[in-house]
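Step one of this worksheet: look at the structure below.
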Amino acid sequence: MSREPFEAMPDVKDVKQLAEALQISKAGAYNLLSSPDFPTLRIGGRKLVMKNELVEWLKSRTNKTS
């Protein structure tokens, strides 16, 4: 199994791909993309997320126990 769960996915994800990757609804993905602390890339009217920034965002929110 790959160490990178999103390895086969494109480097830039749209809302549908984000929803699929996180196994959430499209509405949930739109909510994330509208969140001020989420690394959203805006191109024209489209909201996208870079794969590497998504991974870093997820890591920063993961509960870690020592």
Side-chain angles (χ1 to χ4, degrees):
M1 178 169 226
S2 172
R3 293 183 67 207
E4 172 61 59
F6 303 129
E7 189 173 286
M9 298 187 95
D11 288 337
V12 179
K13 298 181 187 321
D14 62 17
V15 70
K16 181 180 177 187
Q17 294 163 327
L18 177 62
E20 289 172 359
L22 299 179
Q23 298 182 349
I24 60 175
S25 67
K26 280 177 61 175
Y30 275 114
N31 285 339
L32 273 179
L33 289 166
S34 296
S35 178
D37 68 329
F38 191 77
T40 303
L41 171 64
R42 289 179 175 81
I43 299 179
R46 296 184 72 196
K47 291 183 177 181
L48 308 165
V49 63
M50 300 288 294
K51 177 171 62 174
N52 62 329
E53 291 183 5
L54 173 60
V55 170
E56 289 304 314
W57 184 85
L58 289 169
K59 285 179 182 178
S60 74
R61 279 148 185 78
T62 300
N63 292 332
K64 297 180 182 176
T65 57
S66 300

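Keep in mind that what you see is a predicted model, and the values were worked out from it rather than measured. Residue numbers run from 1 in the order of the sequence given.
Within the model, atoms CD1 of I24 and CG of N31 stand 8.5 Å from one another, a figure rounded to the nearest 0.5 Å. Put simply, OG1 on T40 and CG on L32 are 8.0 Å apart, with the number rounded to the nearest 0.5 Å. Rounding to the nearest 0.5 Å gives a distance of 11.0 Å between CG of L48 and CD of E53. One distance of note links CD of Q17 with CG of L54; it measures 11.5 Å at 0.5 Å rounding. In this structure, CG in D14 is found 12.0 Å from CG in L41, a value given to the nearest 0.5 Å.
The closest donor-acceptor contact from the side chain of T62 to the backbone of L58 lies under 3.5 Å. Looking at K51, its side chain does come within 3.5 Å of a backbone N or O of M9 through a donor-acceptor pair.
For residues 16-35, no residue pair satisfies the ring-ring contact (aromatic ring centres under 6.0 Å, His included) rule, not counting sequence neighbours.
Placement of L18 and M50 in two distinct hydrophobic clusters is found when ILVMFWY residues are connected by side-chain heavy-atom separations under 4.5 Å, directly or transitively. Residues V12 and V49 do not share a hydrophobic cluster, clusters being chains of Ile/Leu/Val/Met/Phe/Trp/Tyr side chains in contact below 4.5 Å.
Every residue two or more places apart in sequence or in another chain that forms a side chain to side chain donor-acceptor pair (under 3.5 Å) with R61 is listed here: D37.
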